[in-house]
Amino acid sequence: MRLRLAGAVLLAAAAYYVYLPLPSGVCEPWKLMLLDALFRSFMKATDAAHALGICHRIHLLNRLVSWVEDIEPRSCPDVQVTDATLDGVPARVFRPKEGKRLKRGVLYFHGGGWALCSGRMRSYDLLGRKMAKDLDSVIMSVDYRLAPDAVFPDQYHDALAASRAFLSSEVLELYGIDPERLCLSGDSSGGNLAAAVAQQLGSDDSVPVRFKLQALIYPVLQALDFHTPSYQQNQAVPILYRPLMATFWLQYLGADASLAPVLLANNHTSLDQPAISASTRSKLDWTALLPAERRKHFRPFVKERGSSGVLGRVPQLMDVRAMPLLAEQEVLGRTPKAYVLTCEFDVLRDDGLMYVRRLRDAGVEVTSDHYEDGFHGCMVFSYLPMMSAVGQRSMNNYIRWLDQNL
Ligand SMILES: *[C@@H]1O[C@H](CO)[C@@H](O)[C@H](O)[C@H]1NC(C)=O
């Protein structure tokens with residue numbers, strides 16, 4: 001009896017720890033809660049270690065993640081998995097074993113706030129294998145350097161260097177890849193890198209081989225407005241909480257973490273900031289760029305007066321290589337045909353949807369694939385026990401789009 005009571009108390013305590021009120025409509029809320037509880041526990045443990053001075057929070061977090069996740073390059077019957085480098089940047093390569101003809105090629109950038117994860121993680125490893133097998137294509141997953149050891153523009157430079165190397169005849173010939181059928185892709189911060197590289201290479205005539213497609217999975221594309229409708233609507237939806245995204249941004253940009261409240265208050269983009277022109281504001285004016293059904297009842301959050309000097313101290317906030325949504329229309333117009341996956345329950349939803357609109361305005365053909373029950377990260381957390389139906393559905397649709405368009 002006492003044991004049963006203790007069990008019930010423990011269960012209740014666990015449920016209390018895991019339970020989180022989620023908006024109705026999220027796919028399989030208990031799975032998302034479990035994922036969030038795991039993530040929160042990791043964060044708490046690493047915060048404690050950081051506060052005690054044992055090691056940097058991100059280093060420990062990455063070690064914990066790789067303890068759960070990392071795997072050696074193991075080949076399977078259909079796919080050969082090896083580790084390689086692209087102009088010095090490590091990459092994991094997934095190649096179908098069968099067939100002589102030239103393969104299609106996808107260069108992939110993993111997510112994780114420019115600070116976490118790796119193409120070697122189980123989730124990304126499984127994605128790479130599945131893509132290689134289902135698409136009969138060569139997939140290269142790039143391990144760009146991570147914050148806090150590397151900050152912008154290091155990650156961007158690694159992504160660009162790896163992309164140029166991928167497009168070289170040496171690499172394409174070595175792996176038997178068709179130069180006419182190449183795609184750049186990535187999720188979250190990896191989607192940011194893929195979009196930024198697509199812009200840079202689209203306007204660079206010195207590269208003879210071009211990417212045919214860009215496929216962006218819930219990409220992060222701007223840090224000037226932390227009050228888009230999706231930031232407002234989803235600020236308390238796991239696992240990418242609104243303050244966490246501001247922290248990731250500041251860390252990526254090599255800026256002081258104490259600026260997070262300033263960013264979250266949109267104090268860096270108040271109307272008295274001379275550095276932000278009307279033209280810049282128009283590039284992320286969601287009142288014009290988002291369809292009414294996404295704007296809902298939300299109001300713009302633009303202050304008359306804010307915190308002066310932030311953009312002077314952190315000019316990276318205006319750097320288009322970090323903020324692909326700020327690109328000029330002509331630059332966007334020279335980027336490849338696009339696929340943009342967005343999720344309703346994601347603070348980054350509107351980054352993606354505004355990019356869809358801006359790409360279309362620039363004349364780029366875009367498939368906008370929106371998941372009404374999706375949440376940030378769902379496509380990659382797609383293995384047991386976190387496998388969600390929306391994760392599987394989105395992954396299948398992403399792969400199908402690649403198959404039909406690449
Ligand atoms: C934002 O700016 C206003 C006006 O200058 C100021 O009163 C407020 O303290 C600032 N908020 C933050 C979080 O810095």
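Atoms within a ligand are numbered from 1 in the order they appear, just like the ligands themselves. Count residues from 1 along the sequence.
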Report each N/O pair between ligand 1 and the protein that falls under 3.5 Å, naming both atoms.
unit_1   : atom_1 : unit_2 : atom_2 : d
ligand 1 : 2 (O)  : N267   : OD1    : 3.3
ligand 1 : 2 (O)  : N267   : ND2    : 2.3
ligand 1 : 5 (O)  : G306   : O      : 2.8
ligand 1 : 11 (N) : N267   : ND2    : 2.8
ligand 1 : 14 (O) : N267   : ND2    : 3.4

Could I get the full list of salt bridge (charged side-chain N to carboxylate O under 4.0 Å, His left out) partners for D256, not counting sequence neighbours?
none

Partners meeting side-chain hydrogen bond (donor to acceptor under 3.5 Å, both in side chains) with K212 (sequence neighbours left out):
none

Is R294 paired with E372 through a side-chain N to carboxylate O contact shorter than 4.0 Å?
yes

salt_bridge(R104, D403) N-O dist < 4.0 Å
yes

Whether Y252 and F152 hold their rings parallel, tilted or perpendicular, with breakpoints at 30° and 60°:
perpendicular

Can you list the residues that meet the side chain to side chain contact (heavy atoms under 4.5 Å, CB included) rule with D361, with sequence neighbours excluded?
Q329, R357

